[in-house]
Protein chains: 2
Amino acid sequence: MSRGTRSGTREEILDAAARLFAATGFKGTSLQDIAGEVGCSKAALLYHFDGKDAILTELLAPPLEALATLDARLAGLGDDAVQLAAVEGYVDLVMRFRREVTVLYDDMPALLQRPAFAGVQEMSDRLLDALAARSPDPAARITALMVLGSVPVVCMKPTEIGDDELRSILTRSAARTLDLRRA
Amino acid sequence: MSRGTRSGTREEILDAAARLFAATGFKGTSLQDIAGEVGCSKAALLYHFDGKDAILTELLAPPLEALATLDARLAGLGDDAVQLAAVEGYVDLVMRFRREVTVLYDDMPALLQRPAFAGVQEMSDRLLDALAARSPDPAARITALMVLGSVPVVCMKPTEIGDDELRSILTRSAARTLDLRRA
DNA sequence: GTCTATAGCCGGATAGAC
DNA sequence: GTCTATCCGGCTATAGAC
């Protein structure tokens with residue numbers, strides 16, 4: 001990690017912020033709320049982070065990095081293989097970062113405008129393209145968009161079944177939505 | 001309508017609020033923003049409405065009423081017919097109230113807690129149940145959830161194709177997601 | 001490294017003139 | 001019916017003591 005010091009408080013703050021942001025949204029969560037959850041003062045938060053935005057940015061860094069990795073991997077695939085790989089990679093990505101995705105979803109339109117998230121829109125567009133098997137057909141692009149929206153909704157709800165089964169159901173159902181034939 | 005006076009300003013305010021709420025979210029939109037868009041003062045808004053919440057409530061009343069209607073209709077159907085009817089009814093509902101759905105989506109968790117939206121959660125649950133053909137199977141409930149999430153995402157994005165074709169694609173793709181056999 | 005105190009801003013809402 | 005002026009509150013963020 002870039003910061004050598006592992007104070008522990010930093011992680012506590014990040015964890016509390018993640019929970020609160022996911023529950024009540026970024027705009028809906030105040031520094032006071034986070035401080036209360038952690039058990040410290042607002043000023044203490046602002047010692048550890050440069051501001052509310054910095055907390056969010058650090059929180060979302062890992063999933064964004066994972067998205068970039070997926071993006072790069074998909075770029076190297078042919079039009080046939082890319083669709084299935086996109087489905088599996090996307091489901092995996094969203095499931096691994098459920099909590100962060102919930103945060104992102106809450107204030108999405110406003111968040112995407114921030115400089116820290118430059119490039120996310122482009123990667124999303126390419127992911128959509130991959131899910132549509134790079135077809136320009138409007139129907140294909142719409143079903144791809146449906147998949148893009150359907151996966152997070154499921155992952156944001158707590159479910160009674162295990163992660164492995166959930167992942168499997170999501171992948172198969174998304175493949176059906178896309179009318180994706182078995183390889 | 002309950003108010004006899006058709007001042008015109010009221011509608012202007014509702015329209016501007018709808019656009020802004022959809023673009024930047026409910027919490028992300030201030031009365032000043034709305035006033036600026038309409039070309040009047042904050043106080044003028046608060047003459048016409050009892051507060052920011054009242055604007056939102058009035059804005060969302062028609063789609064909520066439509067949801068209640070759909071809910072009642074589905075309640076009278078058998079387990080076989082209900083699934084297809086739910087898909088078609090839901091797609092139709094979301095498409096008819098695109099803008100309002102966008103608003104709802106933005107601050108959903110917080111909004112659902114409000115007293116004005118009592119019963120919405122229950123209706124959503126019943127709609128989910130109908131989309132799952134009232135099956136208790138976890139996989140069926142998950143695909144139903146996927147449909148619930150996929151339709152709004154598409155309707156929120158502007159598309160180049162016409163509404164009729166969009167509706168048709170959405171219905172067919174959702175049916176595929178649910179593995180719904182043709183009637 | 002964490003606190004208290006406070007500055008400064010912006011939000012929603014009210015009072016009262018016109 | 002719409003405005004101006006103002007209040008009160010919560011928010012982020014800073015300054016400085018400990």
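None of the values given here were measured: they were computed from a predicted structure. Below, chains carry the letters A, B, ... as their sequence lines are ordered, and counting in each starts from 1.
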Can you measure B:L46 atom CG to D:dT4 atom C1' for me and round it to whole angstrom units?
14 Å
Please check this pair: side chain of B:S124 against backbone of B:V120, looking for a donor-acceptor N/O pair closer than 3.5 Å.
yes
Distance-only side-chain donor-acceptor flag, A:T171 / A:R167, under 3.5 Å
no
A:L148 to A:Y105 - nearest heavy-atom pair and separation:
O-OH, 4.0 Å
Report the distance from atom CG of A:L56 to atom C1' of D:dT12, rounded to the nearest whole Å.
15 Å
If you go through the side-chain atoms of B:K52, does one of them form a donor-acceptor pair with the base of C:dG11 closer than 3.5 Å?
no
How long is the line joining CG of B:D53 and C1' of C:dA13, in whole Å?
12 Å
If the cut-off is 4.0 Å, is B:Y47 near the phosphate of D:dT2, judged by side-chain N/O to OP1 or OP2?
no
For the backbone of B:D71 and the side chain of B:R126, can you confirm whether one donor and one acceptor N or O come within less than 3.5 Å of each other?
no
Please report the distance, rounded to the nearest Å, between NZ in B:K42 and C1' in D:dA5.
11 Å
B:K42 side-chain N/O to B:S30 backbone N/O, donor-acceptor pair under 3.5 Å
no
Counting only Watson-Crick and G-U wobble pairs with both atom distances below 3.5 Å, the stems of 3 or more consecutive pairs that include DNA chain D are C:1-18 with D:1-18
Measure from the side chain of A:S41, starting at C-beta and using heavy atoms only, and say which of C:dA13, D:dT4, C:dT4 lies closest.
C:dT4
Minimum heavy-atom distance between A:S41 and A:A35, given as atom pair plus value
C-CB, 3.7 Å
Rounded distance (Å) that lies between atom P of D:dT14 and atom CZ of A:F49
15 Å
Rounded to whole Å, please give me the gap between NZ in B:K27 and P in D:dC11.
13 Å
For A:L74 and A:A86, which heavy atoms make the closest approach, and how far apart are they?
CD2-N, 3.8 Å
Expected output: side-chain B:T159 to main-chain B:C155 donor-acceptor under 3.5 Å
no
Does the side chain of A:T29 pick up a donor-acceptor pair with the side chain of A:T24 at under 3.5 Å?
yes
Between atom CD in A:E11 and atom P in C:dG1, what is the gap in whole Å?
14 Å
Spacing between B:L20 atom CG and C:dG12 atom P, to the nearest angstrom:
12 Å
May I ask you to list the residues of residues 29-40 of chain B, by number, that have any heavy atom positioned under 4.0 Å from an atom of DNA chain C?
B:T29, B:S30, B:L31, B:Q32
